[in-house]
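One structure is given here, and the rest of the page talks about it.
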Amino acid sequence: MESEEAEGTIVKMMNNCDDRMSELKAFDDTKGGVKGLVDGGVTKIPTMFYHPLDKFPNSSSTEHSLIPVIDLEGVTKDPITRQQVVSRIREASETWGFFQVVNHGIPGSVLEEMKEGIKRFFEQDVEVKKEVYSRDNTKPFIYNSNFDLYSSSALNWRDTFGCQIVPLIGKPQDLPQVCRDILLEYGNNVMKLGITLFELLSESLNLHSNYLRDMELGCTDQISCAGHYYPPCPEPELTMGTTKHSDGAFLTVLLQDHIGGLQILHNDKWIDVHPVPETLVVNIGDLLQLLTNDRFKSVQHRVLANKNDSRVSIASFFGYNSLASSTKLVSPIKELLSEDNPPKFKETTIAEYAAYFRAKGLGNNPLQDFRI
Ligand code: OGA
Ligand code: NI
């Protein structure tokens with residue numbers, strides 16, 4: 001290329017870059033999120049939401065039934081049931097990185113009200129929502145669209161609120177009135193379930209029941225949550241509800257509504273996690289893959305955009321401080337290591353990992369950069 005022509009190309013690229021930046025900024029400044037675009041009547045989605053085609057195919061329709069649904073009934077009372085559940089959780093965590101739980105102890109009415117609460121928050125007047133629109137993670141409650149708006153290469157068709165629900169940062173009044181009570185109630189319920197899950201996960205690694213909870217880094221010390229609202233999308237095939245990614249925390253408990261769209265990548269195929277009433281989806285996060293030296297898998301997943309319905313979900317992330325200030329060290333568990341299984345990951349801290357995860361933006365496999 002002649003140097004003048006090259007210069008012209010670079011100037012054009014910089015202009016495109018400027019255009020994109022001002023488009024992102026303009027969208028951010030509306031504080032109305034994706035829902036604001038939909039309410040404004042968009043029929044074509046802005047190009048900043050365009051995603052490149054994914055190289056992996058969808059699986060045939062029967063494979064979803066393979067994602068284990070594990071019944072927790074009787075797990076605290078009957079040792080034989082417990083053994084069976086422990087071995088199913090082991091298998092699911094090693095192969096799928098995902099499972100669903102039923103009879104998990106959280107009343108159906110709490111799950112329903114949680115979904116309603118999320119809807120109420122996002123569907124309230126935009127002027128009210130604007131007051132809590134922010135990208136400052138040190139605040140007790142924030143709402144925005146695309147936490148990685150300025151670093152991601154393709155935006156997601158969703159809006160999100162985030163807060164630490166256990167223990168609460170700040171006062172209950174910092175949570176929006178329309179979902180305050182249910183967030184607190186849901187959080188306490190999810191913590192109880194999380195304690196059971198971490199006990200079962202410890203046992204499935206042949207460690208003492210309390211091992212993961214009692215570690216200095218405390219997998220059950222806190223829960224941060226992300227409440228998502230996926231508005232209907234006029235051109236769903238051009239974008240994504242959520243980019244493919246793995247979760248950064250130790251463990252995620254996800255409540256999804258009946259709409260569907262969540263998929264996990266398994267053997268290079270996308271498999272639907274079909275909504276089952278009253279179940280919760282559980283998945284291994286990056287930090288648990290790191291702790292278990294690759295034994296448990298933090299698996300990539302995504303959410304498809306859809307044309308007709310709005311969808312809500314809430315992800316509860318265990319052990320991940322939303323302030324990302326924990327300097328507790330994370331490294332592969334010594335008891336799981338041997339001469340044949342040397343550590344595969346460098347030591348890090350929760351704060352360092354969380355900061356790296358955020359900076360890379362969704363979907364960029366941050367865990368790979370911590371391999372020895
Ligand atoms: C997440 C996530 C899936 C969903 O919040 O990490 O993967 O169904 N959510 O919203
Ligand atoms: Ni996720």
Side-chain angles (χ1 to χ4, degrees), residues 33-35 51 54 64 67 96-101 111 114-115 117-119 121-122 137 142-148 152 155-165 183 186-187 190 223-233 236 239-266 270-277 279-289 296-306 309-320 322 353-354 357-358 360-367:
V34 173
K35 181 159 192 315
H51 279 243
D54 190 84
H64 66 85
I67 296 174
W96 293 92
F98 266 78
F99 51 95
Q100 307 213 52
V101 287
L111 304 183
M114 187 66 259
K115 289 180 276 184
I118 300 167
K119 245 190 230 143
F121 174 79
F122 285 101
N137 292 309
I142 58 172
Y143 135 76
N144 61 43
S145 185
N146 288 271
F147 77 87
D148 53 355
S152 89
L155 300 190
N156 289 167
W157 199 258
R158 72 169 182 183
D159 301 328
T160 299
F161 69 65
C163 55
Q164 181 170 306
I165 40 172
L183 271 173
Y186 181 72
V190 174
I223 302 176
S224 294
C225 76
H228 303 297
Y229 188 89
Y230 299 84
C233 181
T239 187
M240 274 291 149
T242 306
T243 309
K244 80 170 165 201
H245 69 283
S246 57
D247 293 349
F250 293 100
L251 192 75
T252 306
V253 171
L254 178 89
L255 168 64
Q256 62 167 337
D257 68 11
H258 59 287
I259 301 295
L262 176 63
Q263 299 186 314
I264 72 171
L265 190 59
H266 182 75
W270 287 108
I271 298 185
D272 294 328
V273 183
H274 279 291
V276 182
T279 65
L280 290 159
V281 178
V282 180
N283 64 289
I284 304 294
D286 291 352
L287 289 178
L288 199 49
Q289 177 166 343
F296 288 171
K297 304 288 186 297
S298 176
V299 165
Q300 295 210 302
H301 50 286
R302 67 180 185 182
V303 181
L304 301 177
N306 90 77
D309 302 290
S310 49
R311 171 180 186 268
V312 295
S313 68
I314 181 166
S316 300
F317 303 113
F318 279 86
Y320 212 54
S322 58
Y353 195 73
F357 188 95
R358 295 190 72 79
K360 271 209 123 179
L362 215 50
N364 292 310
N365 268 326
L367 185 61

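Counting starts at 1 for both ligands and their atoms, following the listed order.
Of all atoms in ligand 1, numbered sequentially from 1 with element shown, those under 4.0 Å from a heavy atom of His245 are 1 (C), 2 (C), 6 (O), 7 (O). Ligand 1 places these atoms under 4.0 Å from at least one heavy atom of Asp247: 6 (O). Less than 4.0 angstrom separates some heavy atom of Ala315 from each of these atoms of ligand 1: 5 (O). Less than 4.0 angstrom separates some heavy atom of Phe317 from each of these atoms of ligand 1: 5 (O), 6 (O).
Summary of contacts: the protein heavy atom closest to atom 5 (O) of ligand 1 is His228 NE2, 2.7 Å. When only non-hydrogen protein atoms are considered, atom 8 (O) of ligand 1 lies nearest to Arg311 NH2, 2.9 Å.
The closest approach of Asp247 to the Ni ion (ligand 2), by N/O/S atoms, is made by OD1.
Aromatic ring pairs are classed by plane angle as parallel below 30°, tilted from 30° to 60° and perpendicular above 60°; the pair Phe121 and Phe161 is perpendicular.
No heavy atom of Gln256 sits closer than 4.0 Å to any atom of ligand 1. Put simply, part of Val303 is less than 4.0 Å from ligand 1, judged by heavy atoms.
No hydrogens or angles considered: a donor-acceptor pair under 3.5 Å links the side chains of Thr279 and Gln100.
Of all the heavy atoms of Thr242, none lies under 4.0 Å from any atom of ligand 1, so neither backbone nor side chain is involved.
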